[in-house]
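Just so it is clear, the values below take in all heavy atoms, side chains as well, and ignore hydrogens, waters and symmetry mates.
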Amino acid sequence: MFRATRGILFGLLCGYVLNCQAQNSIKVDLEKDQILVVSDSLVIAKNDTSILLPSGTEYHVYDNKYVLSDGFYDSVYSVAQKNKITKELYNLLITNKPPENGIKSKDPVRSEAFFKAFEGKTITSIDYVSVDLFGGSVNDTTLKAQSSLGKLSNKLHYDTKREVIFKHLLFRLGDKVDAFEVADTERIIRSLKYIEDAKIILKVNPGDLNTVEATVVVKDRFPWSADASLDNNDALRLGFINQNILGSGNEFGIGYLRHGEELPMHGYDAHYTIRNIENTFVDGTVYFSDNYLGKSKGLSFRRNFISPEIKYYGEATIEHVEPISDLIFADSLYEKDFQIDRKSYDLWGARSFFLGDRKNISTALRLQHDNFSERPQVQVDSNTIYHDHHFLVGALSYSKINYLKTRNVLSFNITEDIPVGFIYSVIIGRDWTEFGERDYRGIRTIYSTYSKNAGYFLINMESGYFLMDNQKNNRVFQLDGRHFTPLIDLGAAYSRFFTRFHYFNGNELSIPISQTLEGENRIRNIEGNQIAGNQIFSLTTEYVVFQPWYFYGFRFATYAHAGIGNVSESRVMDPYNQTYYTLGGGIRIRNESLVFDTFEFRVSVLPNAPTEGKYFYFKVSLSAPQFFKSPNVGKPEVVGLN
């Protein structure tokens, strides 16, 4: 761009000088950074200058709105050309035109709509295309990396193996096209951590209009990622994860944790995951940790309810955990760093019956066992979460979940899948504890929808209680809400408002069971005393601007957030009722081709911080923005007591 601009300037000046020698001319005065437009050419003045134009020439002079950006690129370009390495880095990382997103509409569109026209046609072939990690796009498979460094990076990267992707297909050769089935497959592949984007293309065979050829187009993420955070609590975390080892889809991660005020000061954690074992959609994970948060080790196998046509799903987990907890007792004494030692297993399985039109009836059964060798003192009506017990619980669910395709919700201008629909569940169980038997009753309702004018809404209502000797105890009511607005067009940028609501009432809970205001979806960065209790209310909002700034793959979002939270505790000798506020903002930077989470810098202010808490908080981390977990038919759970 720079050399072209200089060439145009030089050519125009030479032409005009020669022309002006033969005829009358006019003088155009330009200030630094102003733009002169003549016919289909332009000149950007690097300094105050004057240019002679032939009489009668039509021209326009504009102020350069991009002067800061151009100045930046100019300086970077000049420095980058000084040696071969920085020149290649410039060609790799800096560009002014990001790839197009496949979703043109600002409003979500139904995921199956893209495949309805092919419904009922026979699939005669399935091809696989893996586009370049750097420079590629699932919406334009012809795009390639332009720099030699980009080309080298693509050659060094292990593309996800064909058989790994094909293990996630819900359709096979010879199947009839089912629009929902193809859309679910696309969503499942796109949900894999090591995949940036996926697109399935169906093409009618010219020789037989009743058949189609399918092509699965995939763009990987760079598999290595960093897991890092640093805050003003003297807590540091550094970790590394490879989420696609040699293109196999398997994952390994290891982390280092340090805390200047807690013991042990130095610690670690690690895990290894094998995904989709033997084409069963079962993931297996082994994990262990030893740090200031406690010790743990475990093994789990899990199969999710990824599609309405999945019949069987569930999970098996065996673990030994030794967390370090802070406990509040009924006499209002506060015990810090209480060691707990628990061995447990958790087994559950479910059978789904497909009713058509995305509707399902599911039955689930769960067996959970906990055995404590180290714990606080327990009684029949206190510290019930530390009782040794066997818990058998079942659930009956009726659900219908569909998905909409959109962009700029949790990610940056790539295709995202937003769930809409409902789940209604009834939960019944029996708990055999060391103090006797008790029954459990619970209900769960989830409803989500999208309105073109009002945006996305998700409501999650849960209620439950235990019944022992005909007396109800540990009764809980919980209500969660999520909302985001339609995408707001700001011209070069887009924005959304995100709102979260949470209410928890556990007035009949036994000590020390409680909930806290702390958390990404509640009051960010709050800490100190009197932030946990048996009744919680929080309302937070975040205004995010998805900026047009772009460095090859790196996108930017600025945001401001505000929140209010109330916590009350009525079960202790000195009850309290506290309300807190928070204000703040930050910036997120993310390259969707890289598997590591969003780089985030955040500052928060709590005008009335809790006792022993901080008024000002900052955090630099690699953490993806969290808004909601996709509603799903999962294991039967006790409301609010997990």
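Side-chain N/O atoms of Glu600 and Tyr559 include a donor and acceptor closer than 3.5 Å. In this model, no donor atom of one side chain and acceptor atom of the other lie less than 3.5 Å apart for Glu527 and Tyr617. Neither side chain, Ser399 nor Asn360, offers a donor N or O lying under 3.5 Å from an acceptor on the other. A side-chain donor-acceptor contact under 3.5 Å links Thr160 and Asp220. Counted by atom type alone, Thr317 and Glu315 present one or more donor-acceptor pairs between their side chains at under 3.5 Å. A donor-acceptor contact closer than 3.5 angstrom links the side chains of Tyr312 and Arg351. Checked by atom type, the side-chain pair Asp370/His390 shows no donor-acceptor distance below 3.5 Å. If you check the side chains of Ser289 and Ser296, you find a donor sitting under 3.5 Å from an acceptor. When only modelled atom types and interatomic distance are considered, Ser344 and Arg342 share a side-chain donor-acceptor pair under 3.5 Å. When only modelled atom types and interatomic distance are considered, Tyr543 and Ser495 share a side-chain donor-acceptor pair under 3.5 Å.
Proximity of Asp269 to Leu257: side-chain heavy atoms (C-beta onward) are separated by under 4.5 Å at one or more points.
Counted within 6.0 Å of CD1 on Ile318, heavy atoms from surrounding residues, nucleotides or ligands total 12 or fewer; the atom is thus considered open. More than 12 heavy-atom neighbours from other residues, nucleotides or ligands sit within 6.0 angstrom of NZ on Lys167. With a 6.0 Å radius and a threshold of 12 heavy atoms from other residues, nucleotides or ligands, Phe166 has its CZ atom above the threshold.
For the side-chain contact (heavy atoms from CB on, under 4.5 Å) with Arg190, the qualifying choice from Val138, Asp417, Val218, Thr185 is Asp417, the only one to do so.
Aromatic ring orientation, Phe484 versus Tyr456: parallel (interplanar angle below 30°, classes split at 30° and 60°). Aromatic ring orientation, Phe252 versus Tyr272: tilted (interplanar angle from 30° to 60°). Phe288 and Tyr268 have perpendicular rings, their planes meeting at more than 60° on a 0 to 90° scale where under 30° would count as parallel. Between Phe504 and His502, the ring-plane angle classifies as parallel under the 30° and 60° cut-offs. In this pair, His157 and Phe222 present their aromatic rings tilted. The plane angle is within the 30 to 60° band. Below 30°, between 30° and 60°, or above 60°: for Tyr386 and Phe372 the angle between ring planes is above 60°, a perpendicular geometry.
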**Message:** Apply side-chain contact (heavy atoms from CB on, under 4.5 Å) to residues Asp283 and Ile274 and explain how you reach the verdict.
**Reply:** CA-CA 6 Å; Asp283 295 342; Ile274 302 176; over 6 Å; no
**Message:** Could you walk me through whether His561 and Thr582 satisfy the side-chain contact (heavy atoms from CB on, under 4.5 Å) test, starting with their C-alpha distance in whole Å, then the side-chain angles of each, then the deciding distance to 0.1 Å, before giving a yes or no?
**Reply:** CA-CA 8 Å; His561 67 82; Thr582 181; 4.0 Å; yes
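In terms of heavy-atom proximity, Arg407 sits nearest to Arg496 at O-NH2, 2.9 Å.
In this structure, NE2 in His168 is found 9.0 Å from CD1 in Ile195, a value given to the nearest 0.5 Å.
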